[in-house]
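All remarks here apply to the structure that follows.
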Amino acid sequence: MRVPPAHDSRSWGKLWQWLGEDGQALDEPGTVRVATPDGWTVALPGDWIVLSVSGRFHVAHTRRTLDA
């Protein structure tokens, strides 16, 4: 499931339901902390959260550009 933009409350509701106790809201709007096999990982809008066959979540970060 892709992390939605901060303003998309409907999609956020679905994400929270899907993640359950493996997801936590952070102070920054649109960010979520996800429990993964490697520990807690921060996911931002546009990142993918994948549920593996083992039943654990993984975060695939999208490419981000840096401002000069």
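Keep in mind that this is a model prediction, so the values were computed, not measured.
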Check your understanding: Would you say L19 and M1 make side-chain contact, with heavy atoms under 4.5 Å?
Key -> no
Review point. Considering only heavy atoms from C-beta outward, does the side chain of L44 approach that of V3 to under 4.5 Å?
Key: no
Review point. Side-chain heavy atoms under 4.5 angstrom apart, residues restricted to Ile, Leu, Val, Met, Phe, Trp, Tyr: same cluster for V32 and W40?
Key: no
Check your understanding: Does any pair with a residue in residues 2-27 pass ring pair (Phe, Tyr, Trp, His ring centres under 6.0 Å), and if so which ones, sequence neighbours excluded?
Key -> W12-W16, W18-F57
When the side chains of residues 20-27 are checked against the rest of the protein, which donor-acceptor pairs come out under 3.5 Å, sequence neighbours left out?
from: Q24; atom 1: OE1; to: R33; atom 2: NE; distance (Å): 3.0
from: Q24; atom 1: OE1; to: R33; atom 2: NH2; distance (Å): 2.6

Study note, to complete from the structure: Sorted by chain and number, sequence neighbours left out, side-chain hydrogen bond (donor to acceptor under 3.5 Å, both in side chains) with T31 holds for none
Review point. With sequence neighbours left out, what residues match S52 under side chain to side chain contact (heavy atoms under 4.5 Å, CB included)?
Key: S54, R56, H58
**Study point:** Qualifying residues under side chain to side chain contact (heavy atoms under 4.5 Å, CB included), relative to T36, sequence neighbours excluded
**Key:** V34, D38, T41, V59
Revision key, fill the gap. Looking only at heavy atoms, the pair that brings P5 and P45 closest together is CA-CB, 4.1 Å
Review point. Can you name the closest pair of heavy atoms from S11 and D8 and give their distance?
Key: OG-OD2, 2.8 Å
Practice item. Considering only Ile, Leu, Val, Met, Phe, Trp and Tyr, and joining two whenever side-chain heavy atoms are under 4.5 Å apart, list the other residues clustered with V53. Key: none
